[in-house]
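Report on one structure; see the data block that follows.
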Amino acid sequence: MRRFRRWGPALLLVTPSLLLIGVFVYGFAGWNAKVSTSTSRGYQITDDSVGLENYQNLLKDERFGFDVRNVLIFTLVFVLGALVTGLILAMLLDRGVRFESFFRSSFIFPMALSLIAVGIIWRWLLQNGDPPGGLNKLLGDVGLGFLAGDWYNSDSSWAIASIALPAGWALSGYIMALFLAGIRGVPDELREAARVDGANEPRVFWHVVRPMLWPVVMSALVILAHISLKTFDLLLAIVPKGDLALDTPAMYMWFTTFDGGFYGRGATIATLLLVGIAVVIVPYIWYSVRSERRK
């Protein structure tokens, strides 16, 4: 009874949330996995089971293979771009610039915007043609016209990488906040000790600050990677009609399910996306739990 009095009220407090998560998250994920093993079409969910046939067919699908390649390119450019930009912004703010609060708020503000709004804005910025889009015009006005391009309208197989620009723009401020908190969490005594030993500022950062930013880097990697895998609204806003050159598994799932009516195949793609996200998140959880136990 004493033990129940200790943790019972807390359990009663979180029970409604646990029930809702169990039904609307894990319950629906399980239902989706069940549908992925059926031949369901349209709104008629059938009980027939074809086992892993949908998965086998999907893995043989050339379009799905192309989509996986696209999302890997997008993830690589998006994650690296957001990490590098966020770190640079954090290092600049850590120098103690004037009006820091203004700059910090300005950098974080894009994250408050809907990705639909971000996509519409950047669709104009990245468009080519006559007249050129905002970014191409800006490059031309400052004498860097040779950097102008077709961006997401390009025939290049790397056109999907241009979509990482608006995604990185929207998330780099958040990553900056993570890095800034991590940098300022390093005790001043450690930095001063390194300076007394003759280390200059780059060496102080590399040998003292950088190792202590590893948990921040891991958190940022997990957040950015799982966002990139499920990115859908940004792509749909930039390419509303759908472009196979910019197709991703999330886009393929949408058009397969709601335009084609192949609910079984759409559920299969969704399940594989869930597995992909789990591959990113589960090792991080294991790493975090193991680190806590060591402490």
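In this structure, Val97 and Leu92 have side chains that are not in contact, with every pair of non-hydrogen atoms separated by 4.5 Å or more. Considering only heavy atoms from C-beta on, Leu229 comes within 4.5 Å of Val280 through its side chain. For the pair Pro187 and Met212, the minimum side-chain heavy-atom distance is below 4.5 Å. Side-chain atoms of Thr85 and Ile175, non-hydrogen and from C-beta on, never get closer than 4.5 Å to each other.
To the nearest 0.5 Å, atoms CZ (Arg265) and CG (Leu58) are separated by 6.0 Å. Between the CG atom of Leu165 and the CH2 atom of Trp151 there is a distance of 6.0 Å, given to the nearest 0.5 Å.
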Without placing hydrogens or testing angles, list every side-chain donor-acceptor pair under 3.5 Å for residues 69-83, not counting sequence neighbours.
{"residue": "Arg69", "atom": "NH1", "partner": "Ser157", "partner atom": "O", "Å": "3.3"}
{"residue": "Arg69", "atom": "NH2", "partner": "Ser157", "partner atom": "O", "Å": "3.4"}
{"residue": "Arg69", "atom": "NH2", "partner": "Ser157", "partner atom": "OG", "Å": "3.1"}
{"residue": "Asn70", "atom": "ND2", "partner": "Ala245", "partner atom": "O", "Å": "3.2"}
{"residue": "Asn70", "atom": "ND2", "partner": "Asp247", "partner atom": "O", "Å": "2.8"}
{"residue": "Thr75", "atom": "OG1", "partner": "Val71", "partner atom": "O", "Å": "2.7"}
{"residue": "Thr75", "atom": "OG1", "partner": "Ser228", "partner atom": "OG", "Å": "2.9"}

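Side chains of Tyr284 and Ser219: a donor on one and an acceptor on the other come within 3.5 Å. Thr39 and Asp48 share a donor-acceptor pair across their side chains, judged by distance under 3.5 Å alone.
Placement of Trp206 and Val84 in two distinct hydrophobic clusters is found when ILVMFWY residues are connected by side-chain heavy-atom separations under 4.5 Å, directly or transitively.
Side chain of Asp94 to main chain of Ala90: no donor-acceptor pair is present (N/O by atom type, distance under 3.5 Å, no hydrogens or angles).
Under the 30°/60° scheme for interplanar angles, the aromatic rings of Tyr252 and Phe64 are found to be tilted.
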